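Since we're looking at a predicted model, the values are computed, not measured. Here is the naming used below: chain letters follow the sequence lines, and residue numbers restart at 1 for every chain. Any value given below was found using the heavy atoms of this structure, including those in side chains, with hydrogens, waters and symmetry copies removed.
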Protein chains: 2
Amino acid sequence: MNGRSAQRLAKLQEALASGGTLHLRDAAELCDVSEMTIRRDLTTQVSAISLLGGRLVMANYPGVTPIYDLTEQQASHYQAKYRLCQRALAFIEEGDTLFIDCGSTLMPLLSQLSHFNELTVVTYALNVANAVAALPNVRLVLLGGLFYAASQSFGSDNMAASIERLGINKALISAAGVDLERGVSCFHFHEVAPKQAAIATAMQRLLVVDASKFGVVRPAYFAALDDFDVVVTDGEGAHSSQYLGCGNAPLLS
Amino acid sequence: MNGRSAQRLAKLQEALASGGTLHLRDAAELCDVSEMTIRRDLTTQVSAISLLGGRLVMANYPGVTPIYDLTEQQASHYQAKYRLCQRALAFIEEGDTLFIDCGSTLMPLLSQLSHFNELTVVTYALNVANAVAALPNVRLVLLGGLFYAASQSFGSDNMAASIERLGINKALISAAGVDLERGVSCFHFHEVAPKQAAIATAMQRLLVVDASKFGVVRPAYFAALDDFDVVVTDGEGAHSSQYLGCGNAPLLS
DNA sequence: GCGTTAATGTTAAAATTATAACATTTAGTG
DNA sequence: CACTAAATGTTATAATTTTAACATTAACGC
């Protein structure tokens with residue numbers, strides 16, 4: 001169940017690499033076998049291709065396939081992320097130049113940006129860039145460099161310099177840990193430089209984190225809590241504002 | 001058929017923005033309406049969401065949805081692009097640092113790169129970056145800047161400088177027009193700087209174009225034909241090699 | 001060449017998804 | 001409040017996709 005099966009999958013994968021989907025029917029024709037054989041190839045071998053309603057799609061492509069359908073639970077978890085971003089959205093104004101941090105926290109915000117007429121988004125994250133690239137009314141500036149798969153983002157020597165050259169209005173920063181004494185931290189060290197540069201340059205600094213990050217410390221420290229002008233969070237008020245209340249940052253509970 | 005319908009679509013779009021797919025069933029539940037209503041929303045309104053075998057996916061996401069299923073005709077057209085890239089592949093060696101140009105020509109090459117153990121790809125195109133980001137064994141360097149949707153690529157002042165700092169082994173350049181007298185050209189002016197920088201820096205310069213580009217001149221000139229060490233094309237030999245034979249470039253017909 | 005096994009093809013049944021028609025609810029108007 | 005029309009729900013039917021079982025072909029060792 002191997003040699004030719006793998007060859008077929010390779011062929012199909014190449015066909016799909018440029019994007020798009022391939023109907024099972026066409027895939028079978030392309031490989032000159034029956035649809036059933038393609039089906040079997042897909043179930044037997046492990047591959048980056050998955051079958052979605054009779055169509056072959058690249059499973060690893062950032063957009064669509066990741067197979068993790070949002071179930072009811074995840075949908076409610078999404079609600080939390082969504083509300084968080086709704087609050088962050090309130091700070092965004094027409095004409096802003098936004099720095100958008102990496103991670104998944106700020107993703108729900110991006111599609112909301114289509115309501116504006118003119119915005120510029122600066123980012124160093126591939127997933128953010130992809131989402132913004134789809135918005136016709138938003139200018140995208142991607143800060144490139146060497147790609148780090150773990151955070152879907154780029155790092156480079158002169159990232160700080162590049163950021164400082166831009167007129168960033170508002171920086172929306174995410175974090176993996178927020179602690180009153182130990183400050184704000186993330187997982188990956190290459191994220192520190194861009195985050196700090198954005199914080200240094202931006203006119204307004206917003207920290208966007210859900211309440212689960214409070215009291216958590218992660219390996220890479222990048223800022224103190226009062227480096228931020230606003231903390232956007234989803235706490236119930238009682239717990240989170242008590243926690244953050246001592247800092248200088250006005251809290252949007 | 002409007003207000004709430006649009007709201008639902010917005011909600012769904014936000015849910016999908018972070019990637020992944022949403023089953024019609026879950027989408028209905030999320031919006032607290034019947035599946036039929038979601039179906040109707042999708043057919044009535046124009047939106048970036050499309051329905052693929054009972055699952056909602058973002059249609060604009062680079063990877064999967066673009067709805068343009070490769071039909072038989074396109075599949076055969078793909079064969080041509082595939083063969084072209086196979087020929088280009090023959091020049092790639094383990095450990096290479098490749099400059100990969102923007103456009104769709106070189107896309108079929110990318111998935112083939114998974115056969116190598118160590119490669120570095122340098123690019124200024126978003127679609128190329130996405131394809132390479134999925135390959136675990138290939139290092140990705142993306143040259144960022146302002147995004148140009150027309151070519152899915154980035155442009156910036158210091159792109160040339162960034163490219164020259166890199167030790168690029170082989171430059172794989174694509175083009176929209178190739179003419180013996182008028183040289184090699186493309187559509188977009190912002191592509192000129194990176195292409196020229198790559199040509200200037202790379203140790204080996206490969207022009208990868210299908211035969212349909214011969215005798216064509218496009219607005220942005222970027223190189224003479226004999227700036228290249230190799231021309232990889234898919235001509236039958238007779239026509240194309242005759243055409244290109246006069247140049248200095250050894251022709252791989 | 002024969003027998004064996006893997007690979008592929010074919011077909012029918014089951015499950016799922018899409019479409020269409022009609023019923024019901026909701027929102028707005030006079 | 002009744003009337004109207006838009007919006008949504010429900011149900012049945014059609015189309016498509018998935019699964020499973022069995023038939024056929026190709027590959028390989030002896």
Legend entry - Sugar-phosphate or base contact per nucleotide [nucleotides 10-19 of chain D; S, B, -; heavy atom under 4.0 Å]: B------SBB

Inset, instruction - Consider only side-chain N and O atoms of A:N117 and A:N137, and report whether a donor and an acceptor are under 3.5 Å apart. - result: no

Legend entry - Test ring pair (Phe, Tyr, Trp, His ring centres under 6.0 Å) applied to B:H190 - qualifying residues, sequence neighbours left out: B:Y148, B:H188

Inset, instruction - Apply side-chain contact (heavy atoms from CB on, under 4.5 Å) to A:F116 and list each qualifying residue two or more places apart in sequence or on a separate chain. - result: A:L89, A:I92, A:E94, A:L113, A:L119

Legend entry - Spacing of B:E29 atom CD relative to D:dG9 atom C1', expressed in whole Å: 16 Å

Legend entry - From B:L42, B:D32, B:T37, B:L30, residue fulfilling side-chain contact (heavy atoms from CB on, under 4.5 Å) relative to B:R8: B:T37

Legend entry - Nearest-Å distance for atom pair CD1/C1', residues A:I38 and C:dG9: 13 Å

Inset, instruction - For this output row, return yes or no: ring centroids of A:F147 and A:F154 closer than 6.0 angstrom. - result: yes

